[in-house]
Amino acid sequence: MSRRILPSGIVALSVMLCACSHSEGGSASGPPATGLPSGGEISALPMGHIAGLTDSAALARSIPNPYGDNPQAIASGKALYIKMNCAGCHGYDAKGNMGPDLTDTYWRYGGLPAQIFQSIRDGRAQGMPAWGAALPPQEIWKLVAYIQSLGGTYSVDGTPRNAQRPELVAPELSSHADDAPR
Amino acid sequence: MTEVETFRAPLVARATDRSRSSQILEQNWKGPGGIAGWLSTVDHKEIGKRYLVTAFLFLLIGGIEAAVMRAQLTQPNEHLLTAEQYSQLFTMHGVTMIFLYALPVLSGFSNYLWPLLLGSRDMAFPRLNAFSYWVFLFAGIFLYVSFPLGAAPDDGWFNYVPYASRAYNPGINIDVYALGMVLLGISTTVGSINFIVTLLRLRAPGMSINRVPILIWGTLTASVGNLLAVPAVSLAFFMLWMDRQFGTHFFDVSAGGQPLLWEHLFWMFGHPWVYAIVLPAMGIVSDGLPTFCRRPLVGYTPVALSTVTAMVLGFGVWVHHMFATGLPAIAMSYFSATSMIIVIPSAVAVFSWIATIWTGRPVFTSAFLFFAGFVILFVIGGVSGFMTAAVPVDLQLTHTYFIVAHLHYTIIGINVFPVVGGIFYWFPKFTGRLMNETLGKWTFWVMFIGFNVGFFPMHILGLVGMPRRIYTYPEGLGWGPLNLIVTLGSYLFAIGVLMFVVNVLVSLKRGKVAGDNPWDGPSLEWSTSSPPPVYNFAVIPTVASRYPLWEARLHQGDDRSSTRQGFLLDKGRETMGTTSLDAEPDVILKMPSDAYSPLLLALALAALFVGALLHSWWLLGAALVVITLASIAWLWPQRSLSQIET
Amino acid sequence: MSARCTLVPSVALLARSATTYADTPMSYLHTYGPAGDPITRLGWGLGTISIAVISVIAVLLLGGLFRHRTERASDDAQLAVGREGGGMAWIYVGVGVSTVVLIICMGWTLVTTAIVLHPPSTPALTVQVVATQWWWRLRYTSANPSRTFTTANEIHIPVGQPVRFELASVDVIHSFWVPQLSGKMDVIPGQTNVTWLEADKPGVYRGQCAVFCGAEHARMALEVIADTPVDFRAWQDDQLREDPPPGSVTVRAGQRVFQAHCAACHAIRGSDAAGIVGPDLSHLMSRRTLAAGSLPNTPGNLAGWIADPQSLKPGAQMPDHLVSGPDLTAVVEYLNTLQ
Amino acid sequence: MRNLVRSPAAGALAPSPRIEGRVHDPVHRHTPRRGAAIAGALFLGLPACGYSLQAADAPAAPPVSTNNLSGATLNSSPNDPAGEWHSQARDFANSRYSPLDQINTGNVGKLRIAWTFSDGTLHGHEAAPLVVSDTMYVVTPFPDMAYALDLSKPGASIRWTFKPNPSPMALGKACCDAVTRGIAYADGKLIYNLLDDHTVAVDAKTGKEVWRVMMDNLETGATMTMAPLVVGNKVFVGNSGGEMGVQGWIAALDVDTGKQLWRAYSTGSDKRVLIGAEFKPFYSWMKGNDLGISTWPDGMWKHGGASVWGWISYDPGTNLIYYGTSNPSPRVPAQRPGYNLWASTIFARDADTGMARWAYQTTPHDEWDYDAVNEDILMDLRINGEMRKVLVHFDRNAYAYTIDRTTGEVLIAAPFAYLNWSTGFDAKIGRPIVNQDKEPRPGVKLDNICPPDIGGKDWQPAAMSPRTGLVYAGIFNICMDLTDHEVGYIASTPYDGMEMQRHAAPGGNLGEFMAWNPATGKKMWAIKERFMTMSGALATAGDVVFYGTADGWFRAVDARNGSVLWSQKLASGVIGQPITYLGPDHRQYIAIYSGVGGAATVRADTSMSGFPAQGGTLYVFSINGDSIGAEPALPSVSNDAGAPAPTANRGQQ
C-alpha cells in the first residue's frame, strides 16, 4: 500500500509549494503583481522629444510596450478606451469617426508602440488632447496594448503584424503634406 | 483455437483455502505485476486504494491551502497574501476539497468494497473503472498545473459570471477551471454508470434489493444523481468556455445573455452534488455503527428509502443558494418549503443511528467514536442548513461565514469523519493489519475538539456580519478575536488529521495482524481473508439475509447464507450475473483482463483538453485520433469474453 | 473523556458571545428597522430551535453511549439483542416531532417573508445605487430634476420612513447589504433589483458588498447614516449647494491641479470637473470615510490615498503616481475646502 | 447635333427617381419621358430664336399667384436685386425663392455646364455662393478660404483669395466634418465663421481682413460652422459642439467693428438666457423662472449643449429673429432627467436687445439627438379662413410644424417622414407623445428607431415658392439601431455616449424630395432617391425647383407636379445649397457646390455601392451652357458661310 502513495501525491504537493511564490494578476483590474516593470520605471524611459525622423524612429523602434500582449492589460486598456471617451472620436469599434481609424495600418504620427504612447501622452496637432496629466504612464501603456491588439500597429522588430509597407513608420513626421483626414 | 463455450452449468464446490481451484483462480485473476501491472491493472481493489490515496493527498493539499488562508485571516489588515493569491487559494481550496477529495474518496471506498459486499469478483466494467480513476487523476493534475503559472482559477468553486467572463478575467484561469471540470465530469459520469450496473447485475445470488448494505444504497443514489446532474453542468462549463474563447453570448449581458442563467445551471448540479458527497458517507456509518453496537441497524428500510428521498428532493431545492438574487417571492417560498422538507429524510437517518446506539451495546473503538461524533456534527450542520432554508433569514445569512460554517459542518462532519472512521473500520480488511487504537482515540478527540473550536465560531462570525471570500478586514468590527480562535481551532484539527495519517503509515508495517473479521462484522467482506485474495471469493457466496455472518445468532428463520459453498467459476476471469430485484443466478459473466487501453484513452482525453486550453488545434486533432484508436482497441470483441458467436 | 464535556463549553461560548457581539457594527443579532426586525425575530426563533435540537440529540446520544457500555468486544460472539426489532419507535417519534416543528417554522417563515417583502408605505425617497468594482455610486432622484444629485459610498436616509433602493451593476455581480437594517439584495448586471430600508433611530449603519466581485471585494463597504428628517433635508440642501469658488492662491492652484490630473475621472459640482469613472467628490469632506469605507476621511489619509492608492487598496482603478510633491499638497488643500 | 434632350429618366447611370405623390394633384401628372418630349418639341419649334433671350432688367413684378395651393404670401425683404444673391437664403424669411424666370419648365432641359471652379479642398461643401453685382463670393470648408470670382471675365477667373489659416486643432473637435455652412454680405464686407471659433469680416473689394473676433474657446471643444445672418448693422452668429458638451449661445455683433452687442446662452439662469418680462411662451410647461437650471439635474446645465449651428430668419415687421437650439448633452437621457430646457427649442428674440419673446421646445427631454436648428421659413398663411403670420419648421424629430410666429402656438404638427419614436402629437399641451419602448436605456441595444440621429430632415434648408404656396424639402427615410453608454464630461473630448448605426427605413430608399402644403400639413408629391437628399433646395419664378443628392445627382423638377425635368451627375455628392443669379450678360445661371461630407459621411454606411468620393467643385449651369466669352454651343453649319466668329466681347451685349 505504501509503495503506491508516492507517485500521484508528489506531483500535486510540489506543484502546490511553488505556487505561492509568484502569481500573475488573474482579474482584469489588478496591476500585474510581478514580472512587469513598475509604473516608475516606465515613465523613466528615455522618451525625449521626437525631433527629426532619423533618430526618433530608431529610438521608437527600441522601446517595446512593457505590457506586451498581456491579456489583463489589454482588457483594462479596452475599459479605459470607453471610459476616457476615446470611443467618442475614434468610434466604439475603433474604426474612426471624428478621429482617425485605429485598426488600419495608416499612422499619421507613427505606428510604433512608443509613438502611439507619445500621441496619447502629449496629444497631436489636429485635435488629439494630451492625456499625460490625467493618465500616468502605465495606464497609457495599457491603452497602447489595447490598440496593438487591434492588429494595425507596427511591432518593435520592424515587421508589422499585417502592414504591407514596413518602412512607413511615421509618414506625417516625414512629410507635411496636407492630409485627407478620413 | 479454443472452442468458445456459450453455455455451461457452473460447478458447485466447497471452498478450501489451499485447494487446487484457488491456485487456478489465482492464475486467472493475478495481473502481470511490476510497472506493467501497475499501469494496466483493472482490479477494483487496486483502483479503490489508488482513489483513496490520491483523494487523501488532495485532502492534504486542500488543507495546506486552508492553513495559508487562515494565516492571512488571523488578524485585521494582514499582508501575508495579495488579493489575487487569496482568490486563487480559496478557489483551489474549494475545488480541491469538493471535487478532487469528497467524491473520489467515496469512490475509493465503494470501488474497493462493492464487489466484496455484493459477493462478486469485480465491478461490472473493470476497464471503465480504471479509466475513471486515470481521468480523475489527470483532471486533478490539469487543474493544479495552473497553480505554479500563477493562473489558477480565482472566482470561487461556483465561479459566478460575469467576473468569470473574459472581460474581467482575461487570463487562462477560468479556462483551466471550465475545461478541468468537464474532464473531471467525464470521470464521475462513467464511474456512476459502473456503480449502477454493478448493483443491478453483480449481486451474489439471494442478495435481493432489500438485503444490500446501506453503503451500497448511498453510493447507488449518489451515482444516479451524478448521472443526471454532472453532464448538465459540464454543458454549462462548456458554454462558459465558448463565451470566453469564441465570443458566444450565453452569459454576456450586453447581447442578451443572463448571469442568472449560470447561477441556475450551476446550482441545479450544485445541490445534488453536495448530497452525492454525503450520502455514501452516511452509508458508511449506517454499516459501521451496527457492528460496534453489536446489533443490526434500526429501521433498515426507512434509512434506505430516506437515502433515495434525500437525493430526489435534492433536485428540487437549488434556488436556496440564490435567495438574495431578487427572484419573485412565490418561487423562493416554494424552494424554501422544499429545502425545509428535505430535513425529514435526514431526521430518519439520525434517529435510526441514535436508536441503534441506544438499544445496542456500543464498543468504544476509534472507528465507533468517529461514527458517534459524526452524528452530532451531522445534526449541527443539518440545523444550520435548516436556518438558511428560511428565505428572510437567509437574506442575512447567505454569503457570510455562517454559510462557511454550515458547509464545513456538513462536508467535514458528514464526509471526513465517516471516511476517517471507515478507514479505521476497514483498514484491517485493506491491509491485514489493525490501526493503533490508543493513537486512534487521541486522533478522534484532537480532530473533534479542533474541528468544533475551529468551525463553530464561524457561525458567530457569520452572525456578526463577516462576508465570505474577503482576503482581509478592518479593525473595529469584532472579527479579529473570533478569527484567531478559528485559525487556532483549524490548526488543531489539521494536527488531528496528521496524527491519523501517521497512524495509517505506521500501522501499514507495525499494525497488529488482523484476522478475517476483527470486529465480528455482519457483512460478506468479513468472510474473506485480510487482505482478500485477488479473486475475492473462491466460490460465489449465496445470501439469505441482510447480515450473513450474524444469521446464526440472530436466529431468524432457518435458511442460512453460505460462503463456503457456491459456484466455482474458474474458467478464466468469471463472476456470476444475477437478476436485478431478486438476484437469482442469470448468466456467467466473462470479465476482461488487464489492459492498457483505459490509461491510453485517459491520456489522450487529457491531451485533448490541454490542446483545447492552449488553442493548439494540431494537439487536439492528434488526441482525437488516439482516442478513436484506443476506443476501438478497447471495444474490440474478444473471443475470450465470448463476445464472438462462432 | 466524553463528548459531553466539549459540548457544554461551546454552548456557553455561544451564549456569552451573543451578548458581547450584539453591538459590533456589522452584527445583525440586533437590528434597528422594520425591514430587519421581523427577520431577526425569526432568526432568533430558528436559532433557538436549532440549539434545542442539538442539545436533545446530544443528550440522547450521550445517554445511548453510556447506557450499556462494554469495555471490549470480548464475547464477540454474543450480539446485543436477539431480536431484529426494537428501536423503530425512535424513528416514528423523532421524525414526527421534527415534521411538526418544520411545519410551524415554515408557516412562520412565510409570514415573515410577506412582511418584509414590501415597505409598509410607499417610500417618498428613491436612491439609485450603481455598484461598480469596488465602490458604490448613489443618485438621489426627486420629482424636481434640479434636486437630483450624485454622491458616493455614504447613504443618508431620513429616520422613520421607508427608502426605496434601485440596485444596478455596470460590471460584475455585487450584493447590497446593510445588516442592521435589512437582508441583502444581490446587484446583478442587466437587471435592476429593488429593496428597501428603514431606520428606527438616527445612527451610522455599516454595510458591505457580500458577493465576491474581484480583487478589492474586501474593501467595498458603504455607510447608511440615518438622520432626523430636518437634518436629512439640511444634508440634501448642503449637497445641492455649490462650494464657493476657491479663495486663496494655493486653493486655486489646487483646483487647477485637480482639473488637469483628476477631472477626467472625478466630478465636483460647481467646477468644470465632471468625469464619472471615479466617485463624485462634491462635498467630499462631509463624508466620514474614503475609498468605499477603507479608511477614515482625514486630510492625512486623503493625502496618503491620493499619493499611493495601490498600497492601501491594491487593484483599485485609481492609478498611482498621478500627483506628488507640491501638486499633492495643493490638491489636498483644495479638496479640504469641499465641505 | 448633340443629344439635345437628356431625359433624366433614361440616364444610364442615374437610378430613375420614382415619382409618387401622396395627394393626387388634379392635373394629371406627366411621366418624365413625356414631359421631356413636349419640351423637346417646343425647343425644336424655336431654332431660330437664338440666344439673345430678353433679359429681365427690372425684377419681375411680384408674381401673381395663379393657383397658390396654400394661400401663402412671402415678404421677400430685404428685396435684394432679383439677379443677385446677398445671403444664404436670399431673404430674411429664408424662402430661397428667386424671382428669375428665364429658366422655366420649358427650357430647363437645355441646361448645360457654363463653367466650373475647384476650390482645392476636400471636406463637405455645404455653403452657397453669393453674387453681388458682377462678383461671386465663395467660402470653402477647412481651411475656410474665401474666393472672389469676377463674373465679367470669361470663365469667372479668381479676383482675390483670402486665407484665414484657422488652427488645425479645430479638425479634431468638429463632430460632423470640418465644414462651414455659408457666408453673409453686409455693405461691402463679407462675414463668416471660421472653424476655430473666430468670426471674420473681409473687405469685398480687396479681400483684406477687416476684423476678426474670437467667440468661444476651442479647448472646450466648441467649433463654429453656421452661416451668419446680417440684419441692418447687426450680424448674428452661434456656436456648435453639442457632442462635446459645450454651452450653446447666439450672439449679435456690430457689422462694422465686430463688437459684441449681446449674447444669449441656451441653458442656465434666465439672466444668461436673456429671458425677461416680455417673455411669453404659449404653453404653460415652458413658463416659470430659471427653467434653464431647474429642468436639469444639479449642475448638468453647464455642459448641456443646446448649441446654435443652424439657420436664423428675421421678421422685419415684428423685428424678431427666429432660430433653433441643438439637442441636450450628453445624448444619454438616463443621465439628465427633466425637460432639459432650452435644448431642442425654437426661440423668437428681439433683434436689437436679444431678449426672448417666446420659445417652443419641439422635443422635450430629447433622447435621440433631435436638434431644433433647422430653418424657420416665415410666411403668411390662411388657416381655418384666417390669415396667420406663421413660420414653417421641418424638425429633426420628423414633425413638420406650422407655428404662429407672434405667439409660438403650434397650429399644425404633422409627420413628414417615417417615425416611430412618437405615437402622436398632443395638440392641447403642445408636445409629441413619446413611445415608451423606443426610449434607450444605458448598455442595452435598441433596434430600429426612426428617424435616426440626423432626423427626418437635417440642416439642409427647404425652399418655398409663393407661386405654388408649397415648401420643397429634401428629407430622409432612415432608421437607426443605438446603444447608450454612460459618459463623463472630460473637457475637449466627446460627451455624447451614443453608439449608433443607421440603415434605410421601410421602402429601402435613404432620401426623398417632397413638396409640402404648410396650410394643411399634407405632402403633395415626393420623389424617392436611393441616396440621401442632403442638399438645400432652390425655387424659382420659372416654377422650377432644384435639389441635389448625396451621390452627386443635381436635378430640376416641376414645382407644380414634381416631374423631373433635368438631371446632371456632378463630380462628387451634393450637400451644398443651389442659387440662381443674372450674370453681367443678363443670362440666368444656376450655381451649386459639389463635395460630399458632413452628416452624409459621418457614422454613415459609406460602403454602399455608388457612394461618391470627396470633391470640391462649384458648377454653374446656363441654357445651352452659354456664358461670357464661351463658344456658342452650336458648331456653325457651314464653314465658309462665315458664321459669326466667337468674339471676346460677345458677352457684353
Side-chain angles (χ1 to χ4, degrees), chain B residues 83-84 156 160 162-163 168 253 259 294-296 298-299 302 324-326 329 333 336-337 340 343-344 347-348 351-352 354-355 357-363 372 375-376 379-380 383 387 390-393 395-396 399 449 452 456 460 463-465 467 469-472 477-478 520 550 553 556, chain C residues 6 10 17 21 24-29 39 42-43 46 50 53-54 57-58 60-61 64-65 68-70 73 76 79-81 84 86-88 90-91 94-95 98-99 102 106 109-110 112-113 116-117 172-173 175 179 183-186 188-190 193 208 210-212 214-215 217-218 315:
Chain B
E84 185 48 35
Y160 277 175
Y163 185 65
Y168 300 99
V253 170
R294 311 309 303 138
R295 58 147 295 145
V298 171
T325 54
S333 299
S336 173
M340 284 202 181
V343 171
I344 293 171
V348 167
F351 285 105
S352 146
I354 290 181
I357 293 174
W358 187 272
T359 56
R361 281 208 318 288
V363 176
V375 171
I376 193 64
V379 169
I380 296 175
V383 288
M387 282 177 71
V391 176
V393 176
L395 294 185
Q396 292 282 33
H399 305 316
I449 295 168
N452 279 301
F456 197 85
I460 305 162
L463 294 175
V464 294
R469 298 169 163 189
I470 53 175
Y471 80 104
T472 184
L477 300 180
D520 180 19
W550 281 2
R553 284 171 281 165
Q556 289 156 324
Chain C
T6 54
S10 57
S17 59
Y21 286 104
T24 52
M26 289 284 283
S27 147
Y28 44 90
L29 295 170
I39 299 180
L42 178 64
L46 298 186
S50 302
V53 164
I54 294 169
I57 298 293
L60 290 180
L61 186 65
L65 286 174
H68 303 299
R69 197 184 143 180
T70 58
D76 48 20
L79 290 179
V81 285
E84 168 71 83
M88 282 306 286
W90 282 91
I91 295 181
V95 172
S98 307
T99 311
L102 279 175
M106 213 185 304
T109 301
L110 294 179
T112 311
T113 309
V116 294
L117 194 58
V172 294
I173 294 179
S175 185
K184 60 178 68 63
M185 176 62 79
D186 288 0
I188 298 173
N193 282 350
Q208 182 157 359
V211 165
F212 179 66
H217 160 61

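Of the listed residues (Gly478(B), Ala83(B), Ala324(B), Pro259(B)), the one with the most heavy-atom contacts under 4.5 Å to chain C is Ala324(B). Note on Val116(C), Asn193(C), Ile91(C): by heavy-atom pairs under 4.5 Å with chain B, the leading option is Ile91(C). Ranked by heavy-atom pairs shorter than 4.5 Å toward chain B, the options Gly183(C), Ser98(C), Gly190(C) are led by Gly183(C). Contacts with chain C were tallied for Val343(B), Val391(B), Ile470(B); Ile470(B) has the most, counting heavy-atom pairs under 4.5 Å.
Of the atoms belonging to Ser336(B), it is side-chain heavy atoms, and not backbone ones, that fall under 4.5 Å from chain C. Using a 4.5 Å cut-off between heavy atoms, Leu60(C) contacts chain B through both its backbone and its side chain. With a 4.5 Å cut-off on non-hydrogen atoms, Leu42(C) touches chain B through its backbone and its side chain both. Proximity to chain B is limited to the side chain of Leu110(C), based on heavy atoms less than 4.5 angstrom apart. For Leu477(B), the parts sitting under 4.5 Å from any heavy atom of chain C are the backbone and the side chain alike. If you measure heavy-atom distances from Thr113(C) to chain B, the contacts under 4.5 Å come from both the backbone and the side chain. Val375(B) touches chain C through its side chain: at least one heavy atom from C-beta onward sits under 4.5 Å away, while N, CA, C and O do not. Looking at Val95(C), the atoms closer than 4.5 Å to chain B (heavy atoms on both sides) sit in the backbone and in the side chain alike.
Only one option out of Ile54(C), Ile57(C), Leu46(C) pairs with Val383(B) in a side-chain contact (heavy atoms from CB on, under 4.5 Å); it is Ile54(C).
Atom CD1 in Ile357(B) sits 5.0 Å away from atom CG in Leu61(C) (nearest 0.5 Å). The distance from atom NZ of Lys184(C) to atom NE2 of His399(B), rounded to the nearest 0.5 Å, is 6.5 Å. Here the OG atom belonging to Ser50(C) is positioned 5.0 Å from the CE atom belonging to Met387(B), to the nearest 0.5 angstrom.
Summarising the geometry of Met88(C) relative to Pro302(B), their closest heavy-atom pair is CE-CG, 3.7 Å, with the distance given to 0.1 Å. Counting all heavy atoms, side chain and backbone alike, Pro467(B) lies closest to Gln208(C) at CG-CD, 3.8 Å. Of all the heavy atoms in Phe212(C) and Arg469(B), the pair that sits closest is CB-CD, 3.7 Å. When all heavy atoms of Gly64(C) and Pro362(B) are compared, the closest pair comes out as O-CG, 3.8 Å. Between Val253(B) and Pro189(C) the shortest heavy-atom distance is CG2-O, 3.7 Å.
Using cut-offs of 30° and 60° for the angle between ring planes, the Trp358(B) and Trp90(C) rings count as tilted.
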Fill in: side chain to side chain contact (heavy atoms under 4.5 Å, CB included) assessment of Met26(C) paired with Val464(B)
CA-CA 6 Å; Met26(C) 289 284 283; Val464(B) 294; 5.9 Å; no
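At a threshold of 4.5 Å between non-hydrogen side-chain atoms, the residues Leu463(B) and Ser27(C) do not count as touching. Taking 4.5 Å as the limit, every side-chain heavy atom of Met185(C) sits out of range of all side-chain heavy atoms of Leu395(B).
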